[in-house]
Amino acid sequence: MRHLMSPLDFSVEELDKLLDLANDIERNPAKYAHACAGKKLATLFYEPSTRTRLSHEAAMLNLGGSVLGFSSADSSSTIRTVACYADIVAMRHPKEGAPMVAAAHSSIPIINAGDGGHQHPTQSLTDLLTIRSLKGRLDNLTIGLCGDLKIGRTVHSLIQALV
């Protein structure tokens, strides 16, 4: 079992394979339409995020899986309880490190979908895919970043991934 907490969880070789797979899924969606058949994704979003939540849910549905979540971020369920109903979790939390704590107690993989101002590895992977698609590579590029560079979790993850 493997969790995704940071873009640094992948070696350069693994990242290349993952981005190649993502490109193939984009080009041949029918080929992957049942890749997650019978699997359930739990979206545990303790802070609002329409784009991130819906992108995870849409991806699972496009791969033939199903999605479950909770109606309120005030939910008191533990990760051990959620693991009884799902095969994988996408977790967004306002506290830095919360997905890592969940991963330490989980019997199913946890995807960090953003934690405080710390990390947002799934957005970083999407950014890397976009850069590679536009530039044809990820090495020997000069990339400028703007915006909230101090507490922006997307920037922190992307900088780590680019290095």
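These numbers were taken from a predicted model, which means no experiment stands behind them. The chain is numbered in sequence order, starting from 1.
- Here the shortest heavy-atom pairing between Arg92 and Glu47 reads CD-OE2, 3.0 Å.
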Trace of the side-chain contact (heavy atoms from CB on, under 4.5 Å) decision for Val163 with Leu8: CA-CA 9 Å; Val163 169; Leu8 297 179; over 6 Å; no
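- Side chains of Met5 and Pro99 form a contact here, defined as non-hydrogen atoms less than 4.5 Å apart.
- The backbone N or O of Ser49 lies less than 3.5 Å from no partner atom in the side chain of Thr52, so there is not a single donor-acceptor pair.
- Across Pro7 and Gln160, no two heavy atoms sit closer than the pair CD-OE1, 4.3 Å.
- To the nearest 0.5 Å, atom CG of residue Asp9 and atom CD of residue Gln119 are 8.5 Å apart.
- Atoms CD1 and CZ, on Ile108 and Arg80 in that order, are 12.5 Å from each other to the nearest 0.5 Å.
- Salt bridge annotation for Asp115-Lys95: absent, with no cationic side-chain nitrogen under 4.0 angstrom from a carboxylate oxygen.
- To the nearest 0.5 Å, atoms CG (Leu141) and CG (Leu138) are separated by 7.0 Å.
- Under the 4.5 Å side-chain contact rule for hydrophobic residues, Leu129 and Ile25 do not share a cluster.
- In this structure, His34 contributes its side chain and Gly64 its backbone to no donor-acceptor pair below 3.5 Å.
- The structure places CG of Leu19 at 9.0 Å from CZ of Phe10, a figure rounded to the nearest 0.5 Å.
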Passes side-chain contact (heavy atoms from CB on, under 4.5 Å), Ser66 versus Met60? Steps please. CA-CA 6 Å; Ser66 57; Met60 186 57 143; over 6 Å; no
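- Of all heavy-atom pairs between Asp87 and Gly38, the closest is OD2-O, 3.8 Å.
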Could you check Leu44 against Val82 for side-chain contact (heavy atoms from CB on, under 4.5 Å), going step by step and ending with a plain yes or no? CA-CA 9 Å; Leu44 305 183; Val82 173; 4.1 Å; yes
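- Following chains of ILVMFWY side-chain contacts shorter than 4.5 Å, one can reach Leu18 starting from Ile111, so the two form part of one hydrophobic cluster.
- Leu41 and Leu61 fall within the same hydrophobic cluster, defined by Ile, Leu, Val, Met, Phe, Trp and Tyr side-chain heavy atoms under 4.5 Å apart, directly or through other members.
- Here the side chain of Asn112 pairs no donor or acceptor atom with the backbone of Leu4 at under 3.5 angstrom.
- Pairing each heavy atom of Ser106 with each of Met1, the nearest pair is O-CE, 3.5 Å.
- Annotation: side chain to side chain contact (heavy atoms under 4.5 Å, CB included) contacts of Leu145 (sequence neighbours excluded): Ile143, Leu149, Val155, Leu158, Ile159.
- Atom-to-atom distance recorded for Met91:CE and Thr43:OG1 is 12.0 Å, nearest 0.5 angstrom.
- No side-chain donor-acceptor contact under 3.5 Å links Ser133 and Thr130.
- The shortest non-hydrogen separation linking His56 to Ala90 is CD2-CB, 3.7 Å.
- Each of Asp20, Asp127, Asp139 was compared with Arg132 under the salt bridge (Lys or Arg N to Asp or Glu O under 4.0 Å) criterion, and only Asp20 meets it.
- By the 6.0 Å contact criterion, CZ on Arg51 is open, its count of non-hydrogen atoms from other residues, nucleotides or ligands being 12 or less.
- Separation of atoms CD1 (Ile79) and OG (Ser107) is listed at 8.5 Å; rounding is to 0.5 Å.
- Salt bridge absent: Lys17 and Glu13 never bring a charged side-chain N and a carboxylate O closer than 4.0 Å.
- Gln123 places no side-chain N or O within 3.5 Å of a backbone atom of His120 that could act as its donor or acceptor partner.
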Can you list the steps and then say if Asn62 with Tyr32 is a side-chain hydrogen bond (donor to acceptor under 3.5 Å, both in side chains)? CA-CA 8 Å; Asn62 289 340; Tyr32 298 93; over 6 Å; no
